[in-house]
Amino acid sequence: MTRTISLLLPLLLAVPARAADRTLDAMRDELGRTMSSLAMPGMQKPYFASYLLSDSTDYAVSASFGELVDSRGDVSRNAAVEIRIGDRSFDSSGYAGSDFRSFRPVTGGTVIEDDYDAVRAGLWSLSDGAYKTALEKYAQKKAYSEKKGIKELYGDLSAEKKASRLEDVHPAPAFPKEDWERRARELSAVFRKYPGVQSSEVRVECTRRVNRFVNSEGTRYRVNADKAHFYVYAETQTGGGLKVSDRKELHWPACADIPAQEELLAAVDGFAGRLDALSRSAAGEVYLGPVLFENDAAAELIGQLFVRGISFPRRAWADNDDYLKYYIDKGGLVERVGMRVLPGFISVHDDPSRTEEAGRPLAGHYRVDSEGVAPGRLELVKNGRLAGVYMSRGPVRDFSSSNGHGRAALNEFPSGRPGNVFVSSRKTAPPVEIKKRLLELASEQELDYAVIVRRLASEGSLDIENILAAPVFAWKVYRDGREELMNGVEFTGVTYRALRDIVLTSDEPYIYNYYQPGPYAMARGSVAASIIAPSAVLVQEMELKRTDRKPDRAPYLEHPFFAENGGKK
Amino acid sequence: MLRTAALFFFFTLPAAALSPAEDPLLKALKTELDRSFSSLKSAEKVPLYFLHYGATDTESYSVGATLGALSGENSGRDRRLDVDARFGSPELDNTHELKGAQSRLNSKDQASAELPVGADAAAIRARVWELTDAAYKAALDRYAKVKTNIGVTAEEKDKSGDFSPAPAETFYSPVALPELDKAGYRELTRRLSEKFKKHGFIIRSGVSLNASAMNRYMLNSEGSSVVTGNNYLSLTYYLTARTEDGMDLSRSKSYHSDAPGGLPGEPEIAADMANSVAELAALLESEPSEPYSGPAILEGPAAGVFFHEIFGHRIEGHRQKSESEGQTFAKMLGQRIMPEILTVYDDPSVRDIKGQFLRGHYTHDDEAVRAARAPLVENGVLKGFLMGRTPIDGFPVSNGHGRRSPGRGVVARQGNLIVEASSAVAYPELRKMLLEEIKKSGKPHGLLIRDISGGFTITQRVLPQSFTVHVLLAYKVYADGRPDEAVRGLNLIGTPIQAFSRIKAAADDAGVFNGTCGAESGWVPVSAVSPSLLFSEMETEKVSKSNNKPPILPPPYAEGKGGKI
């Protein structure tokens with residue numbers, strides 16, 4: 001009783017670059033009507049409008065402990081409409097007022113077929129609401145600005161050149177559903193070897209996506225924005241009763257980039273084995289001393305402290321600005337342009353045009369950002385000093401125009417976000433030497449052991465108290481080189497100073513594809529990005545404390561599978 | 001309204017055509033239930049005396065279209081598990097209501113789990129084990145809270161205990177989703193939805209078709225093993241408009257059945273749609289209603305909804321003893337609460353009435369108790385309540401009305417609420433009686449209420465025991481022979497005891513409303529059946545409105561076509 005999924009694929013029918021695109025025509029024509037005719041008597045007309053239409057065909061397969069939990073295909077088309085009242089120097093955008101929940105673009109689902117009238121009707125309906133909202137926001141923002149006597153105004157929409165990029169759209173390749181169901185079952189069954197793991201799931205997601213965009217300045221694009229994603233989740237409980245879960249994510253630019261089953265099996269096995277080991281690990285203690293970050297953890301350290309720090313440079317206004325920190329993130333380093341943010345031996349640049357590094361595909365590749373601006377190579381840090389931050393079309397004190405990094409998921413406003421981040425270091429050593437240096441530093445401080453972190457919790461787990469997530473896998477390293485896994489520790493007192501305290505890096509690059517969570521707490525989306533950074537980063541001094549989380553009671557009964565197959569520790 | 005995401009799952013396990021011994025989900029649940037109960041019943045000082053597993057397996061398909069183009073299509077299959085654990089004894093257990101400051105913890109929300117949809121026993125049992133452990137710990141924790149709460153709060157009036165006995169049931173009758181002509185449904189929804197494009201005053205519209213097969217697996221430590229299935233098919237259309245004064249108006253209609261052949265044909269639906277367009281146009285041109293009190297007819301399906309809201313929810317058994325409930329009818333057993341001509345009962349075991357499908361039909365409730373007719377009102381006199389396995393004074397056993405959706409605890413709910421009149425007149429006669437009532441009352445007009453939405457009825461004691469029901473379609477009826485006039489923007493308001501006392505007569509029709517009802521134990525399919533009823537007096541209030549202006553520009557496809565309606 002296998003059902004085919006051919007029925008909805010017309011949505012992503014091939015569109016060669018020069019062929020007619022009725023959906024793009026519908027967007028252009030309705031945008032024209034919006035700019036020429038959408039006006040309430042006695043009120044301002046829009047000075048800027050844009051439409052984004054995102055077509056997706058998603059497949060997802062998930063499995064747990066050897067059996068399917070979910071297997072689905074999903075075809076959708078969503079629209080985002082932006083309408084601005086005012087002018088470039090001061091407009092209706094960027095004002096949350098007192099309602100953070102509704103501070104998001106006007107979006108809606110629309111018909112999934114390329115029907116000219118129905119596509120226009122969907123945009124018409126959204127535009128009407130967006131225009132009325134913009135009128136109100138403009139008046140409120142103006143009143144707020146006057147009430148507060150705000151003098152520091154840098155403009156609201158940068159002038160950018162009109163641009164056009166129309167990519168060929170290829171039909172979605174058939175998704176090898178049965179193959180993936182079999183693979184997911186097999187990958188999830190790896191956990192049958194690990195009695196220390198209580199709960200687990202694996203999931204594969206493939207998205208075929210085409211984004212279409214038009215704005216009232218004549219910019220338009222039609223780009224392919226596929227992505228693929230694999231994640232494995234598991235939860236274990238330590239001897240002390242602490243529940244620990246981890247979720248390893250792997251990202252690729254497209255489904256075809258997903259590696260062979262053997263590689264995924266090895267990844268799941270490594271992940272499951274470490275969590276299993278964590279169930280038998282001892283609780284860590286308070287620690288103050290050198291910390292070595294390796295692989296995923298090294299990339300996350302750079303991602304969470306540096307990349308996030310130079311993202312989202314501009315924060316919206318709100319009636320009660322005390323609340324802003326809870327609802328809208330702002331990069332903590334963006335005002336340090338020209339200042340030292342990293343050691344002098346480190347330089348950083350971003351280049352979204354790069355599609356791969358050392359044969360590995362980069363998830364942060366794109367040709368045009370969400371606002372239709374093409375990115376180039378962007379110098380971020382030169383010899384430790386901050387030279388640039390990620391810019392959308394929202395100007396800030398130090399930068400008045402976009403550098404092609406205005407990125408966003410459909411449900412959030414574009415803001416400065418990364419693409420492919422390249423970190424280069426001139427003070428490097430082979431990994432063995434770095435571990436030796438770590439132990440030397442510990443010894444200088446008369447410590448019994450040093451700490452190596454190989455996995456951090458993801459950026460999405462951060463709260464407003466912390467700028468660096470807790471280690472999931474951390475080891476004590478004794479003077480003789482012996483390593484001992486520990487659990488239940490968190491960083492404390494971390495500041496951006498940690499970046500300047502990097503003393504040494506490895507000489508080999510590590511390629512890390514990830515999703516960067518957006519700045520809006522009530523409408524958080526994520527964009528795919530890549531960090532290409534040294535695989536090991538040694539920080540002079542960091543502080544760890546024991547977690548405040550409370551333990552849970554162990555399960556009353558043994559896991560039924562391990563009870564019958566004799567596996568319990 | 002319409003989903004834009006099109007989902008389609010692919011699974012290969014038709015639930016039907018299996019025997020209980022071959023059903024992998026049933027087997028896995030049974031194995032794990034036996035293992036869990038035998039080990040857990042005495043794992044703590046307080047005994048675990050009851051353990052229940054409820055798995056809801058749903059396979060569904062839907063397709064929707066707007067303005068002639070598909071807006072979404074999806075198919076899905078999912079399985080959710082609920083585990084109910086009871087500590088203590090049937091006289092007093094962890095489900096006992098908390099009073100005073102702790103009453104905020106009486107929510108029926110509970111943890112549920114997503115089960116694998118395939119047949120692998122080890123994978124299913126692993127998830128069942130996880131949720132059992134969580135449910136066991138949560139129940140144990142709540143039992144301690146209950147014991148303390150009993151000690152520090154005032155004594156309760158109703159001493160009927162927390163759990164009633166029920167015979168162990170064995171039943172196996174799953175269903176499979178019927179073969180669906182998906183290509184045909186795609187074309188049908190496209191064709192029908194395109195009809196709204198002719199009318200520039202409609203600002204949103206759509207047509208959707210939904211089909212689902214729901215199989216409920218229920219096993220408990222008393223030996224019950226029930227697998228029961230229902231198919232639900234529906235076709236729905238809606239259309240909305242907005243008045244210049246900022247009031248959103250809509251018409252919609254749903255057709256329900258348990259088989260594709262039970263839905264009406266395209267000509268019938270198209271005719272209803274044309275009728276709805278005319279109704280919406282009339283509403284758009286009508287004057288907003290002013291507060292009013294006077295004679296009214298509530299037509300068939302609307303009267304059913306009215307009874308469901310105003311009466312049905314108040315006779316749910318557990319509300320009769322909850323210390324936070326209004327208990328409108330708790331002490332009125334044997335008393336007249338409505339006119340002698342009316343008899344009301346709830347009978348989920350009935351699949352259809354006068355050939356009309358009833359969506360509230362089921363063989364067993366969510367506590368594995370066989371559905372039975374619950375007599376509620378006989379000749380105007382209150383006779384009983386809707387009962388799950390939570391007993392109340394004088395009603396020690398369930399009548400098969402304990403219901404929930406996954407992730408909630410069970411409470412007593414309606415299934416098929418049926419109102420019958422022992423003496424009825426033909427509908428034209430009822431209308432004549434309305435005209436007489438209008439003249440008698442000296443009012444300028446009466447009301448004819450054709451369609452209402454659920455609205456809300458307050459049963460909680462902290463607030464007035466009143467109801468508000470939003471009217472979707474009503475007409476002013478004049479005694480002087482003028483034609484009826486559509487009227488918009490009104491709610492029916494009142495209090496239940498008074499409202500029922502004002503019912504004067506019933507017609508010989510039986511209007512069926514099929515829908516989905518939400519309450520503390522989640523969403524459940526229901527039906528309400530009632531004849532058209534004449535009220536000597538019904539009070540209305542103005543509705544709140546969005547105050548949004550209508551769209552500034554006409555729809556793009558209607559540009560240049562002039563005239564609004």
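Per chain, numbering begins at 1; letters A, B, ... match sequence-line order.
Applying the 6.0 Å contact sphere to NZ of A/Lys243 captures more than 12 heavy atoms from other residues, nucleotides or ligands.
Proximity to chain B is limited to the backbone of A/Ser200, based on heavy atoms less than 4.5 angstrom apart. Interface remark: A/Ala189 contributes no atoms to any contact with chain B (heavy atom separation under 4.5 Å). Contacts of B/Asp133 with chain A are made by side-chain atoms alone, with heavy-atom separations under 4.5 Å and no backbone atom involved. Residue B/Ser36 touches chain A through both its backbone and its side chain, counting heavy-atom pairs closer than 4.5 Å. Residue contact with chain B, scored on non-hydrogen atoms closer than 4.5 Å, involves the side chain of A/Tyr131 exclusively. Proximity to chain A (any heavy atom under 4.5 Å) is restricted, for B/Lys137, to the side chain, taken from C-beta onward.
Between chain A and the residues B/Arg125, B/Arg35, B/Arg127, the most heavy-atom pairs under 4.5 angstrom are made by B/Arg35. Note on B/Ala122, B/Gly68, B/Ala183: by heavy-atom pairs under 4.5 Å with chain A, the leading option is B/Ala122. Between chain B and the options A/Val61, A/Asp117, A/Leu557, the largest number of non-hydrogen pairs under 4.5 Å is found for A/Leu557. Each of B/Glu32, B/Glu44, B/Arg204, B/Glu114 has some count of heavy-atom pairs under 4.5 Å with chain A, and the biggest count is that of B/Glu44. Per-residue heavy-atom pair counts under 4.5 Å with chain B were compared for A/Lys132, A/Glu564, A/Arg185, and the maximum is reached by A/Lys132. Of all the listed residues (A/Gly66, A/Ser127, A/Pro555), the one sharing the greatest number of non-hydrogen pairs under 4.5 Å with chain B is A/Pro555.
The cationic group of A/Arg192 lies under 6.0 Å from the six-membered ring centre of A/Phe561 and within 45° of the ring axis, placing it in a cation-pi geometry.
Applying the salt bridge (charged side-chain N to carboxylate O under 4.0 Å, His left out) rule to A/Arg182 yields the partners A/Asp179, A/Glu186; only residues at least two apart in sequence or on another chain are considered. For B/Lys30, the salt bridge (charged side-chain N to carboxylate O under 4.0 Å, His left out) partners are B/Asp34, not counting sequence neighbours.
Remark: the backbone N or O of A/Gly196 is paired with a side-chain donor or acceptor of A/Thr236 at under 3.5 angstrom.
Checked by atom type, the side-chain pair A/Ser56/A/Asp58 shows no donor-acceptor distance below 3.5 Å. A side-chain donor from one of A/Asp114 and A/Thr23 sits under 3.5 Å from a side-chain acceptor of the other. For the residue pair A/Ser279/A/Tyr194, the side-chain donor-acceptor check at 3.5 Å is not satisfied.
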